Protein chains: 2
Amino acid sequence: MSYEIEQLLLKHGVKPTPQRAVIAQFLLSTHSHPTADEVFQAVSESLPVPLSRATVYNTLNCLVEAGVLIEVVVEPGKSRYDANTSQHHHFVDTESGKIIDVRPEEVKNLPLKLSEGFLDGAFDVEDYRITFFGKRKG
Amino acid sequence: MSYEIEQLLLKHGVKPTPQRAVIAQFLLSTHSHPTADEVFQAVSESLPVPLSRATVYNTLNCLVEAGVLIEVVVEPGKSRYDANTSQHHHFVDTESGKIIDVRPEEVKNLPLKLSEGFLDGAFDVEDYRITFFGKRKG
DNA sequence: ATTCATGCAAAGCATTTGCACATAA
DNA sequence: TTATGTGCAAATGCTTTGCATGAAT
């Protein structure tokens, strides 16, 4: 496994194993927001090590807990994974279902705030995520 | 079933039945964003008609398709339902898991736009939803 | 030796579906 | 009677878990 991936995992307190490295590597190489099953398919095909679905699920959960990945839920029933852990938003193409990362700089009028009176000011907003929906032009 | 609920269902092209009316009624009466199972529990308890889980699922899907409800997904694995169909956002209390509706007027800096250059201007944004995360103060 | 990741198969949930029965127009 | 909603139970799909094996410290 590559030195960089190994360092990344170690930095997050995750013991580097071939399976973990290859799954993390795959997620770093794509912007397609794959599901667990898509990760399993993709990684199984082109892999020096064998891989079971259980390990894919265990590994994805482990990497999410460690902060290497984030879990993205846009449709009910399945989770998607994203190695882009910096604060960002998503655009969902409602025709293809594709999910595209949107950097905060690409959204005008950020940062957002709730009005002072929101619920008597009883809550602190720590973060927010925006999901845009739309279609390809033309 | 009440006249108003009946009219609401008819207006959306849904044939009013006791089960549908009572499920719609329950969702109109709460802001708790219940899951299908919570709807089943709540409605089963205080009900003149018997009710099966299949009917709850069928009905919720039917009401979502008809535009009477919206489906809200904040956690993987289960859908939640909301009779507030006007465009709005959500605040998730990360300690209790509670979901609170946020009216657009309560968010400063709206409306949002993507910058002109976003993906070469290839997409039209039709809508967006914001999910805020935070905690109760103190 | 001890710890812990992996693989397999079984189990667990949320949800959907097939089919028979009931109900309403 | 014709269409359609409902109920039950079985099936499905995604994910988790238990347990035995295997690798690494």
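Within every chain, numbering begins at 1; the chains are lettered A, B, ... in the order of the sequence lines, protein sequences first and strands thereafter. Because the structure is a prediction, the values reported are computed rather than measured.
- One finds a side-chain N or O of A:Tyr57 lying less than 4.0 angstrom from the OP1 or OP2 phosphate oxygen of D:dT15.
- If you check residues 70-80 of chain B against DNA chain C, the residues with a heavy atom closer than 4.0 Å are B:Gly77, B:Lys78, B:Ser79, listed by number.
- Closest of all the heavy-atom pairs between B:Val68 and B:Thr85 is O-CG2, 3.3 Å.
- When the side-chain nitrogen and oxygen atoms of A:Arg53 are compared with OP1 and OP2 of C:dC8, none of them lie within a distance under 4.0 Å.
- Under the ring-ring contact (aromatic ring centres under 6.0 Å, His included) criterion, B:His88 pairs with B:His90, sequence neighbours left out.
- Residue A:Thr17 places none of its side-chain N or O atoms closer than 4.0 Å to OP1 or OP2 of C:dA5.
- Atom CD in B:Gln19 sits about 10 Å away from atom P in C:dT23, given to the nearest Å.
- Between A:Glu126 and B:Lys135 there is a salt bridge, with a side-chain nitrogen of the basic residue lying less than 4.0 Å from a carboxylate oxygen of the acidic one.
- Minimum interatomic distance between B:Ala66 and B:Val14 (heavy atoms only, all atoms of both residues): CB-CG2, 3.4 Å.
- One finds no side-chain N or O of A:Asn58 lying less than 4.0 angstrom from the OP1 or OP2 phosphate oxygen of C:dT6.
- When the P atom of D:dG7 is taken as reference, atom CZ of B:Arg20 falls 11 Å away, rounded to whole Å.
- Taking the six-membered ring for Trp and the full ring otherwise, B:Phe91 and A:Phe118 have centroids separated by under 6.0 Å.
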Under 3.5 Å between N/O atoms: give me all the protein pairs with nucleotides 9-12 of chain C, atom names plus distance.
none

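- Less than 4.0 Å separates DNA chain D from at least one heavy atom of each of the following residues of residues 24-42 of chain A: A:Ala36.
- Between B:Leu63 atom CG and C:dT15 atom P the separation is 15 Å, expressed in whole Å.
- Residues A:Val73 and A:Ser79 come closest through the heavy atom pair CG2-OG, 4.4 Å.
- Straight-line distance from the CG atom of A:Leu60 to the P atom of C:dT6: 11 Å, rounded to whole Å.
- Nearest heavy-atom pair across B:Phe123 and A:Ile100 is CZ-CD1, 3.8 Å.
- Nearest heavy atom pair, residue A:Ala36 against residue A:Val56, reads O-CG1, 3.6 Å.
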Quick test: give all pairs of protein nitrogen or oxygen and nucleotides 19-25 of chain D nitrogen or oxygen below 3.5 Å, distance rounded to 0.1 Å.
none

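- Within the hydrophobic cluster formed by Ile, Leu, Val, Met, Phe, Trp and Tyr side chains joined at under 4.5 Å, directly or through other members, B:Tyr57 stands alone, with no partner residue.
- Residue B:Ser52 has a polar side-chain atom (N or O) positioned under 4.0 Å from OP1 or OP2 of D:dG7.
- From B:Leu119, atom CG reaches atom CD of A:Glu106 across 7.0 Å, with rounding to the nearest 0.5 Å.
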